[in-house]
Amino acid sequence: PPEEVSDGDKLWVVLREELIDGSILHEFGCRCAEEALKLVETPDPRSLAAIEAKRSWLRGEISDDELWKARAKALAAARDAASAAARDSARYSARYAAYTSARPTAWDAARPAAWDAAWYAASAAASAAARNAARARQVSMLREMLRHG
């Protein structure tokens, strides 16, 4: 039954360049990251820079290597945020649940740098209800993007 398939596995099946144009997937990752970072009081500038780097890469303005370096900085920011959240026992369970379900999906699905930052930021800042609401907005956003190319 569909309810037995994890959200991460569902996304892995759908978010594939064989089904959706790669540029749409990458832009979707950027938008998801921006939405997740809205949940963070003071987003790390490295995460914001990773989103901008991804968009620069999409426009052909930076190389794969430059994008990879921006991604590494964003992951460092994400790890820092996750560590800070872990010290706060009220946030620990949300961070752990989001990390374990989202990290493999982000890597295996679209692999945009922003995607990793989005899940780490969301896991550090969001409650289960906020994550569910964010997921619903993201699905709606992707539908709109697909309708308008």
Side-chain angles (χ1 to χ4, degrees), residues 1-79 81-82 85 91 93-149:
E3 59 274 1
E4 292 180 17
V5 179
S6 74
D7 289 340
D9 287 343
K10 289 175 188 174
L11 288 171
W12 184 85
V13 168
V14 175
L15 297 177
R16 307 197 49 82
E17 289 191 32
E18 296 88 354
L19 301 174
I20 301 173
D21 181 77
S23 63
I24 291 174
L25 287 175
H26 291 289
E27 178 58 29
F28 176 62
C30 291
R31 291 182 188 186
C32 289
E34 288 170 334
E35 286 298 311
L37 289 173
K38 288 178 184 177
L39 302 171
V40 178
E41 190 172 311
T42 308
D44 191 296
R46 295 171 292 184
S47 296
L48 299 170
I51 296 168
E52 183 51 40
K54 173 58 83 166
R55 288 191 170 123
S56 294
W57 177 82
L58 284 168
R59 293 187 300 266
E61 297 170 359
I62 66 170
S63 68
D64 291 349
D65 188 52
E66 291 168 307
L67 177 63
W68 189 257
K69 288 176 185 174
R71 180 182 182 276
K73 289 178 183 178
L75 285 173
R79 281 190 301 272
R91 293 183 181 174
S93 59
R95 181 195 65 84
Y96 183 76
Y99 173 84
T100 57
S101 66
R103 177 71 175 116
T105 300
W107 183 254
D108 293 336
R111 293 183 301 278
W115 190 267
D116 288 328
W119 279 110
Y120 278 102
S123 68
S127 67
R131 282 193 311 276
N132 289 339
R135 184 178 298 124
R137 285 191 306 273
Q138 290 168 353
V139 168
S140 176
M141 178 180 16
L142 181 58
R143 284 183 181 143
E144 187 67 22
M145 290 174 72
L146 292 172
R147 266 188 233 129
H148 293 84

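Because the structure is predicted, anything quoted here is derived from the model rather than measured.
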Residues in salt bridge (Lys or Arg N to Asp or Glu O under 4.0 Å) contact with Arg143, at least two apart in sequence or another chain: none

If I take atom OG from residue Ser23 and atom CZ from residue Arg59, how far apart are they, to the nearest 0.5 angstrom? 13.0 Å

State, with a plain yes or no, whether a side-chain heavy atom of Val13 is found less than 4.5 Å away from one of Val5. no

Considering non-hydrogen atoms only, spot the tightest contact between Ala70 and Ala50 and give its length. O-CB, 3.9 Å

Have Asp65 and Ser63 got a donor and an acceptor in their side chains that come within less than 3.5 Å? no

What's the separation between atom SG in Cys32 and atom CG in Leu37, rounded to the nearest 0.5 Å? 11.0 Å

Nearest-0.5 Å distance, CG of residue Leu58 to CG of residue Leu67: 8.5 Å

Does any non-hydrogen side-chain atom of Leu15 lie less than 4.5 Å from one of Phe28? yes

Do you know the tightest heavy-atom contact between Lys54 and Cys30? CG-SG, 3.3 Å

Hey, is Glu34 close enough to Arg31 for a salt bridge, meaning N to O under 4.0 Å? no

Looking only at heavy atoms, what is the nearest atom pair of Ile20 and Leu25, with distance? O-CD1, 3.7 Å

Salt bridge check: are Arg55 and Glu27 linked by an N-O gap of less than 4.0 Å? yes

With distance as the sole test, does Ser56 use its side chain to make a donor-acceptor pair with the main-chain N or O of Glu52 at under 3.5 Å? yes

For Ala76 against Arg46, the heavy-atom pair lying closest together: CB-NH1, 4.1 Å

Can you see which heavy atom on Asp44 is nearest to which on Ala77, and at what distance? CG-CB, 3.5 Å

Is Arg147 salt-bridged to Glu144, cutoff N-O under 4.0 Å? yes

